[in-house]
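Notes for the one structure printed next.
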Amino acid sequence: MTIDEQLEQLNRGAAEIVTEQELAGRLALGRQLRVKLGLDPTSPDIHLGHTVVLRKLRQFQDMGHKAVLIIGDYTAMIGDPTGQNTTRPMLSAEQIQANARTYFQQAGKILDTSPQRLEVLYNSQWLSKLTFADVIMLTSQMTVARMLERDTFEQRYKRGEPIGIHEFLYPLMQGYDSVVIKADVELGGTDQTFNILVGRKLQQDAGLEPQVVLTMPILVGLDGKEKMSKSKGNYVAINDSPNQMFGKLMSISDQMMVDYFTLLTDLPRERIAELTDPDKTHPKQAKVLLARTIVAQFYGQKEAEEAALRFDRVFAQRQLPDQMPDVVISDQPLMAAKLVHACGLVGSVSEAKRMILQGGVMIDGARLDDPNQQIRPGDGMVLQVGRRRFARIRIASPGKG
RNA sequence: GGGUCGGUGCCCGAGCGGACAAAGGGGGCGGGCUGUAAACCCGCUGGCUUGCGCCUUCGGUGGUUCGAAUCCACCCCGGCCCA
């Protein structure tokens, strides 16, 4: 691959590269570059939003470069005291270890984990050794004005929201990581631009060649509005089942497909253009392909195929899924609402009542309308709440607990 | 340290002695429509009870009152201004 071809590939999907000439220069060196990515071990669940940048990292690996994952255990241990009334419990070393492990296990679905291509480091290794004097030296390299330039700080400051002093330290710590590991390139989402740029400055001050910054766009969540995140609930987790993944991906709006294709698959630009042009491809077909491609990345072609079939059956044709959870209960007659609740399909009896009154509950395909009606559970009876909640009743044989 | 304004249901936010499970919005959920969607329309959105109704909830703890999210005291947490 020529340098230009490499650049072209690395550019695909990227939001910004600072600077492209510098990146070209690094690539031209012909040696293995150290490509840094910082991970936050506070949330062990990786979702598709994280994979955007992980996939970019994988590209570097495939070109022969080394991915350097930094587990931010030190920053995590300090804890984020932003919560108001409750002091957030600091993560213990064990928790961080455990999180890092699951994180690593999930990231391994995307990265090349061979030792020649991947290095994992914990930043406590060097950050914990800094003395207070070292920290002061570090802080002297940045000004308050520059810190406040960072848009999140700026916005919060203007809105009158609190900013802890320690939050100013995060970019410095992250930047210091780059100094220590001598990063050639640092990856991150566009929200990381500021932090990564701080790394450049610190490296320069330390007499190093400043790292190249490569940022990826933030993946929009399933709601089509906000960034994909666990707390917003608009995410697809890497550990979601094939069916969950498929269903969630099918729920995105048509306009979002371009971004998802670009950031989550390897399809070439021209192909994506075809797929997202409604005159050339029916949007539903394109979306099915998108969902299948992504599910296949994590579970293989066969599982993806099955998820697609199931989805078609349950949602397009509104038939029952081929498998659903069994719920074992006795055959004592009871109120419809209580039955629905007993099957674990809703959180409370009151909710079950509401569901029934709204016409959202079916038993063996027949819609219920009275939450108070007595129902005698029968073996094999199928309960459905809404479109996607199912349970099959199994009668406990008498005598068994 | 002083002054001042705040802390309400998943989130934002109104309420400022009774009619408050608490307006309104967002989100979520259910129904309709569809291409599975998105958009749009309708509805629901603390729990228990067949039902009368009962219980828990408005930063915390105590108090005043027949009655408190609303008043008082102290405490905790946050914003802003002054030092």
Side-chain angles (χ1 to χ4, degrees), chain A residues 80-88 153 155-165 167 220-236 242-261 275-292 294-295 304 307-319 321 333-342 345-362 366-375 383-390:
Chain A
D80 179 3
T82 311
Q84 0 187 30
N85 298 342
T86 48
T87 315
R88 194 171 293 187
F153 285 151
Q155 287 164 17
R156 284 163 63 189
Y157 193 67
K158 280 184 181 156
R159 271 191 254 126
E161 286 168 17
I163 300 172
I165 298 286
E167 295 183 77
V220 174
L222 297 171
D223 56 10
K225 290 171 196 151
E226 298 192 84
K227 129 182 201 185
M228 183 174 281
S229 83
K230 195 181 177 186
S231 56
K232 296 264 162 47
N234 60 358
Y235 69 107
V236 180
N243 286 332
Q244 284 175 308
M245 258 191 197
F246 196 94
K248 286 181 180 180
L249 288 166
M250 287 303 282
S251 78
I252 66 172
S253 70
D254 293 353
Q255 310 87 274
M256 294 163 64
M257 284 199 285
V258 184
D259 279 353
Y260 275 47
F261 268 123
L275 287 166
T276 52
D277 180 347
D279 292 334
K280 295 188 175 149
T281 315
H282 189 323
K284 169 153 189 217
Q285 237 181 316
K287 211 175 285 174
V288 169
L289 179 69
L290 173 70
R292 276 176 55 175
I294 293 174
V295 173
L309 286 176
R310 180 194 140 106
F311 186 87
D312 189 62
R313 178 161 51 231
V314 174
F315 292 95
Q317 301 179 34
R318 308 216 178 177
Q319 294 174 0
L334 74 173
M335 259 173 54
K338 290 196 171 178
L339 176 64
V340 174
H341 181 235
L345 296 173
V346 293
S348 70
V349 177
S350 305
E351 189 185 346
K353 279 186 189 174
R354 275 181 235 126
M355 288 296 176
I356 293 170
L357 289 172
Q358 292 182 100
V361 177
M362 313 235 273
R367 188 151 286 175
L368 289 183
D369 52 5
D370 177 10
N372 295 331
Q373 83 186 83
Q374 292 287 314
I375 292 181
L383 253 72
Q384 178 175 2
V385 174
R387 281 292 206 72
R388 58 187 76 160
R389 279 172 272 177
F390 300 92

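Between the side chain of A:Tyr260 and the backbone N or O of A:Ile294 there is no donor-acceptor pair closer than 3.5 Å. Listed for the A:Gln244 side chain is no donor-acceptor partner under 3.5 Å among the backbone atoms of A:Phe246. Within the 3.5 Å criterion, the main-chain N or O of A:Thr281 finds no donor-acceptor partner in the side chain of A:Gln285. Using a distance-only test at 3.5 Å, with no hydrogens or angles considered, no donor-acceptor pair links the side chain of A:Arg367 to the main chain of A:Met362. For A:Lys248 (side chain) and A:Leu222 (main-chain N/O), no donor-acceptor pair under 3.5 Å exists by modelled atom type.
Between the P atom of B:rG30 and the CZ atom of A:Arg388 lies a distance of 6 Å, rounded to the nearest Å. As rounded to whole Å, 15 Å separates atom P of B:rA37 from atom CG of A:Leu249. Regarding A:Phe315, its CZ atom lies at a distance of 17 Å from the C1' atom of B:rC33, rounded to whole Å. Note: CG (A:Leu222) to P (B:rG28) measures 10 Å, nearest angstrom. For A:Gln373 and B:rU50, the CD to P distance is 15 Å, given to the nearest whole Å. Put simply, CD on A:Glu226 is 15 Å from P on B:rC11, counting in whole angstrom units. In this structure, the CZ atom of A:Arg310 is 16 Å from the P atom of B:rU36, given to the nearest Å. Atoms CG (A:Leu290) and P (B:rU36) sit 17 Å apart, rounded to a whole Å.
With a cut-off of 3.5 Å on both Watson-Crick or G-U wobble distances, the partner of B:rG35 is given as none. With a cut-off of 3.5 Å on both pairing distances, the Watson-Crick or G-U wobble partner of B:rA73 is B:rU61. Across every strand in view, B:rC80 sits in a pair with B:rG3 that passes the Watson-Crick or G-U test at under 3.5 angstrom. In this structure, B:rA22 makes no Watson-Crick or G-U wobble pair, since no nucleotide meets both defining distances under 3.5 angstrom. Base-pair partner of B:rC29: B:rG43 (Watson-Crick or G-U wobble, both distances under 3.5 Å).
Considering only the side chain of A:Lys225, B:rG27 comes nearest among B:rG35, B:rG30, B:rG27. Closest contact between the side chain of A:Lys353 and the listed nucleotides B:rU50, B:rG35, B:rA38 involves B:rU50. Of the candidates B:rG51, B:rG30, B:rA37, the closest approach to any side-chain atom of A:Arg389 belongs to B:rG30. Side-chain atoms of A:Ser253 lie closest to B:rA38 of the nucleotides B:rA38, B:rG35, B:rG31. Looking at the side chain of A:Arg318, the nearest of the listed nucleotides B:rG32, B:rG35, B:rG30 is B:rG32. Checking B:rG30, B:rA38, B:rU50 against every side-chain atom of A:Asn372, the shortest atom distance belongs to B:rU50.
Separation of the P atoms belonging to B:rA69 and B:rC54 is 16 Å when rounded to the nearest angstrom. To the nearest whole angstrom, the two C1' atoms, one in B:rG18 and one in B:rC71, are 14 Å apart. With both ends at atom C1', the span from B:rA68 to B:rG51 equals 30 Å, rounded to whole Å. Rounded to a whole angstrom, the distance from the C1' atom of B:rG63 to that of B:rU49 is 34 Å. B:rC11 and B:rC58 have their P atoms separated by 13 Å, given to the nearest Å. One C1' atom belongs to B:rC12, the other to B:rG60, and the distance between them is 23 Å to the nearest Å. Across B:rC44 and B:rA22, the matching P atoms stand 13 Å from one another, rounded to whole Å. As rounded to the nearest Å, B:rG1 and B:rU8 have P atoms that lie 25 Å from one another.
Judged by distance alone, with hydrogens and angles left aside, A:Arg292 brings no side-chain donor or acceptor close enough to the base of B:rU36 to form a pair under 3.5 Å. A donor and an acceptor atom never sit less than 3.5 Å apart when one is taken from the side chain of A:Gln358 and the other from the base of B:rG31.
Residue whose closest nucleotide on RNA chain B sits further toward the 5' end, between A:Asp223 and A:Arg387: A:Asp223. The 5' end of RNA chain B is approached more closely, in terms of each residue's nearest nucleotide, by A:Gly359 than by the other of A:Val349 and A:Gly359.
Taking all atoms of both residues into account, the shortest heavy-atom contact from A:Ala286 to A:Leu275 is CB-O, 3.4 Å. Nearest heavy-atom pair, A:Thr276 versus A:Phe261, reported as atom, atom and distance to 0.1 Å: CG2-CD1, 4.1 Å. In plain terms, the two heavy atoms of A:Asn234 and A:Glu226 that are nearest each other are ND2-O, 3.4 Å.
Across all strands shown, A:Met335 has heavy atoms under 4.0 Å from sugar-phosphate atoms exclusively, and none from any base. Using a 4.0 Å heavy-atom distance criterion, A:Asp254 is classed as a base contact. Residue contacts shown for A:Met250 include a base, since a base heavy atom lies under 4.0 Å away. Residue-level contact check: A:Val288 touches neither bases nor backbone, having no heavy atom under 4.0 Å from any strand.
Distances shorter than 4.0 Å separate some side-chain N or O of A:Lys284 from OP1 or OP2 on B:rU36. Applying the 4.0 Å criterion to OP1 and OP2 of B:rG47, one finds that A:Arg354 has a side-chain N or O inside that range. Phosphate proximity of B:rA38 to A:Ser251: absent, as no side-chain N or O sits under 4.0 Å from OP1 or OP2. A sub-4.0 Å separation between OP1 or OP2 of B:rU50 and a side-chain N or O of A:Lys338 is present. Side-chain nitrogen and oxygen atoms of A:Ser348 include at least one within less than 4.0 Å of the OP1 or OP2 phosphate oxygen of B:rC48. A:Arg367 has no side-chain polar atom (N or O) that falls below the 4.0 Å cut-off from OP1 or OP2 of B:rG30.
Within the 4.5 Å cutoff, no side-chain heavy atoms of A:Val340 are placed close to those of A:Lys353.
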